[in-house]
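A note on names: the letters A, B, ... follow the listed sequences, proteins ahead of strands, and every chain is numbered from 1. The model shown is predicted, which means the values in this text are computed figures rather than measured ones.
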Amino acid sequence: MREKVRTRFAPSPTGMMHVGNLRTALFEYLIAKSAGGDFILRIEDTDRERYVEGALDIIYRTLDMVGLKHDEGPDLGGGYGPYVQSERKDLYRKYAEQLVSEGKAYRCFCTKERLESLHESKEENGGGYDRHCRNLSAEEVGRLLAAGTPYVIRQKMPIEGSTTFDDVVYGPITIENRELEDQILLKSDGYPTYNFANVIDDHLMKITHVVRGSEYLSSTPKYNLLYEAFGWDVPTYVHLPLIMGKNADGSVSKLSKRHGSTGFHDLIEEGYLSRAIVNYIALLGWCPKDNRELFTLEELVENFSIDGISKSPAVFDYDKLLWFNGEIIRAMPREEFLENAMPYFRQLFPQGDYSWDVLAGVLQPRVTKFSDIPGMIGFLKELPDYPVDDYINKKSKTNLENSVAMLKSAIAKLEELGDWTMEPIHDTLMGLAQELGVKNGTLLWPVRIAAAGTKVTPGGAIEILCFLGKEEALRRLNVGLEKLNKESV
RNA sequence: GGCCCGUUGGUCAAGUGGUUAAGACACCGCCCUUUCACGGCGGUAACACGCGUUCAAAUCGCGUACGGGUCACCA
């Protein structure tokens, strides 16, 4: 029997949820769930200086919004807790000491100043730590310890040979051991480094697939050497291609704040739906066998396959995200659309009853972001000041003269209309066009211009009149007529 | 700079030795139409380069170029 797949999302509580992190979380979730496995949440808060208050809430809230339900975590517990690294502090020390006693790691008493100067002279020594404390005598170590000298614990890396590991997406990767420095396992404050805590926890929590961005590719041999030092089985590595952002000068680099809204909540605030974000980022670096594009999270789980992950970096494209957003909006049941749109409707019409369903019907096929709604329907709240030339339209065969006639007849007919709803308005106007012997456009163009006060509108004359209500609609038509008359004088 | 990884249209990408090199976004055009969208139809546009292997290379190998990542008591 194969062991159960277990993946983990291990964010640091340092602030926002970046889409890169979210994409990693998504893939970790998909890899676990598509194999019937478990998805674990672990908080990596070993850097006390970068800890941000409230960051934990953002993590929970984001996972909840996108629907990535974890099976174990700080809030849920589980058989392998605690799930917060700061609560596991003593554990790491124990393992680090074990390596020291086995001669696989050593205490390093070098000061930060010394390390810095080493860093500055990297040209000559090839960079990195010079292993100064690697062979300190036991007496010397004892003396320094007795004097209370601060120290870190470093792993002894092999000086010769090379380390090879297999990555599921990138294949075998080999790095010469001389490229690896004696990495710090335990910091002088007693906290483990990310690399160390990661290995200990992944092993202890029985993580089977280590999934992360490809920026970790070149440090993975260090992890392997650590597993080796403990005699533990190495997990399956799945490195994901990076998500890139386009820079102002046209170049690309790892997606970050400077590329605009790259935090999950930033995108939400901008009007992108979490479903669209999930759908889109799933396709950044992964492609299903059948090339399908529209997926719910559940469908992603059903269709996910690790071999569809690609190696090359993908540029984050807001246009495509927007397209997904629009697709999802158009596919919504009308009630759901209305529910999402209502807050924006209310932004313009704080109170009162309007034909919301008419408005929704007009907007749903046109909206790509809910946050665009106020800008799209501002003309409904207040008649914009528009140039008379707007009445001239070649295709509809309208000009300043016939527009006057059209408006006059329309006003006359509409004034008699009792039931101010779509059907009657539609029938009245269509009937009128026929009666006048003009094409629909010739009548409807001026009516729409007068009703809306702008050339481009979501929806047509009928919907606009209907939403406006009889009184306001007629008022606007008369305003239009006046405007035209004034011009012709 | 060293090391690691990558390179199919502007972007996301399918492709696994023989294809007219898919599809999607964006863009353009036409149709539909009451403007704008939606929808339908169509179009522009790509295998970084060189050398090998092979009857045959986008697919395999090597090199070059370009791009990216990484070189912390950060994760």
Side-chain angles (χ1 to χ4, degrees), chain A residues 10-12 14 44-47 49-50 108 110 112 115-116 119 122-123 126-129 150-154 167 170-171 173-176 178-181 183-189 191-195 197-198 212-221 239 241-242 244 246 250-254 280 283-294 308 310-324 326 330 362-368 376 390 393 395-396 429-430 433 439-445 447-449 452 454-464:
Chain A
S12 302
T14 54
E44 310 222 327
D45 59 347
T46 56
D47 185 351
E49 284 171 25
R50 290 213 308 167
C108 166
C110 291
K112 281 195 178 153
L115 295 178
E116 261 163 42
H119 209 70
K122 68 150 69 166
E123 306 301 314
Y129 181 56
Y151 64 91
V152 300
I153 292 181
R154 308 184 93 114
D167 183 82
Y170 288 90
I173 291 174
T174 301
I175 287 185
E176 298 299 318
R178 77 178 111 83
E179 302 290 336
L180 275 19
E181 81 173 8
Q183 62 176 336
I184 292 176
L185 270 22
L186 214 63
K187 302 186 253 187
S188 55
D189 64 3
Y191 278 84
T193 56
Y194 164 80
N195 295 319
N198 225 262
R212 71 228 307 198
S214 65
E215 67 263 40
Y216 293 104
L217 222 37
S218 44
S219 57
T220 301
H239 284 92
L242 258 21
M244 315 295 281
K246 198 171 284 166
S251 64
V252 296
S253 53
K254 199 163 103 176
Y280 177 58
L283 262 24
L284 243 28
W286 175 76
C287 186
K289 298 268 179 296
D290 60 1
N291 261 293
R292 204 229 280 203
E293 295 208 285
L294 264 11
S310 67
K311 300 185 221 266
S312 36
V315 176
F316 192 89
D317 181 9
Y318 289 90
D319 279 335
K320 185 94 188 213
L321 207 211
L322 190 60
W323 176 76
F324 276 106
R330 287 192 289 276
V362 157
L363 254 18
Q364 187 161 9
R366 282 167 248 257
V367 168
T368 50
M376 293 169 83
D390 281 2
N393 181 264
K395 218 179 132 203
S396 298
L429 256 16
M430 291 316 212
K439 60 190 282 191
N440 295 340
T442 309
L443 171 66
L444 294 169
W445 178 278
V447 171
R448 189 177 59 85
I449 295 299
T454 174
K455 260 207 262 198
V456 174
T457 60
I462 295 156
E463 290 93 340
I464 294 168

Pick the [atom1] atom in [N] and in [M], then give their distance to the nearest Å.
N: B:rG29; M: B:rG63; atom1: C1'; value: 45 Å
N: B:rG17; M: B:rA57; atom1: P; value: 14 Å
N: B:rG15; M: B:rC60; atom1: P; value: 13 Å
N: B:rU54; M: B:rG18; atom1: C1'; value: 12 Å
N: B:rC47; M: B:rA58; atom1: P; value: 11 Å
N: B:rU8; M: B:rG1; atom1: P; value: 23 Å

How many whole angstroms separate atom [atom1] of [X] from atom [atom2] of [N]?
X: A:Lys289; N: B:rA14; atom1: NZ; atom2: C1'; value: 11 Å
X: A:Met244; N: B:rU11; atom1: CE; atom2: C1'; value: 13 Å
X: A:Leu294; N: B:rA24; atom1: CG; atom2: C1'; value: 10 Å
X: A:Leu429; N: B:rU35; atom1: CG; atom2: C1'; value: 15 Å
X: A:Asp47; N: B:rC74; atom1: CG; atom2: C1'; value: 6 Å
X: A:Asp319; N: B:rU11; atom1: CG; atom2: P; value: 13 Å
X: A:Leu115; N: B:rC71; atom1: CG; atom2: P; value: 16 Å
X: A:Ile184; N: B:rC74; atom1: CD1; atom2: P; value: 7 Å

Under 4.0 Å, counting only non-hydrogen atoms across every strand here, what does [X] touch: a base, just sugar-phosphate, or nothing?
X: A:Ser188; value: base
X: A:Phe324; value: nothing
X: A:Val447; value: nothing
X: A:Ala314; value: sugar-phosphate

With respect to the side chain of [X], which nucleotide from [options] is positioned closest?
X: A:Val315; options: B:rG68, B:rU11, B:rU34; value: B:rU11
X: A:Ile462; options: B:rA75, B:rG23, B:rU34; value: B:rU34
X: A:Met430; options: B:rA75, B:rA13, B:rU34; value: B:rU34
X: A:Thr46; options: B:rG69, B:rU34, B:rA75; value: B:rA75
X: A:Asn291; options: B:rA22, B:rU34, B:rG10; value: B:rA22

Table of protein N/O atoms under 3.5 Å from nucleotides 2-6 of chain B N/O atoms:
none

Please confirm whether A:Tyr216 and A:Tyr194 have ring centers closer than 6.0 angstrom. yes
Pair A:Arg448 + A:Glu463, salt bridge at N-O below 4.0 Å: no
Please list every stem that involves RNA chain B, where a stem is a run of 3 or more consecutive Watson-Crick or G-U wobble pairs with both pairing distances under 3.5 Å. B:1-7 with B:65-71, B:10-12 with B:23-25, B:27-31 with B:39-43, B:48-52 with B:60-64
Check whether any side-chain heavy atom of A:Lys187 sits under 4.5 Å from a side-chain heavy atom of A:Thr193, and report yes or no. yes
At under 4.0 Å, does any side-chain N or O of A:Lys246 touch on OP1 or OP2 of B:rG68?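 The answer is no; no side-chain N or O of A:Lys246 sits under 4.0 Å from OP1 or OP2.
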Report yes if at least one side-chain N or O of A:Ser396 is closer than 4.0 Å to OP1 or OP2 of B:rU35; otherwise report no.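 No, outside the criterion.
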Ring geometry between A:Phe324 and A:Tyr280 (parallel below 30°, tilted from 30 to 60°, perpendicular above 60°): tilted
One character per nucleotide, please: for nucleotides 36-46 of chain B, 5' to 3', B when the base has a protein heavy atom closer than 4.0 Å, S when only the sugar-phosphate does, - otherwise. BBSS-------
Could you tell me whether a side-chain N or O of A:Glu44 sits under 3.5 Å from a main-chain N or O of A:Ser12, the two making a donor and an acceptor?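 Side chain of A:Glu44 to backbone of A:Ser12: no pair is present.
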Report yes or no: is there a donor-acceptor pair, N or O only, under 3.5 Å between the side chain of A:Lys320 and the base of B:rA24? yes
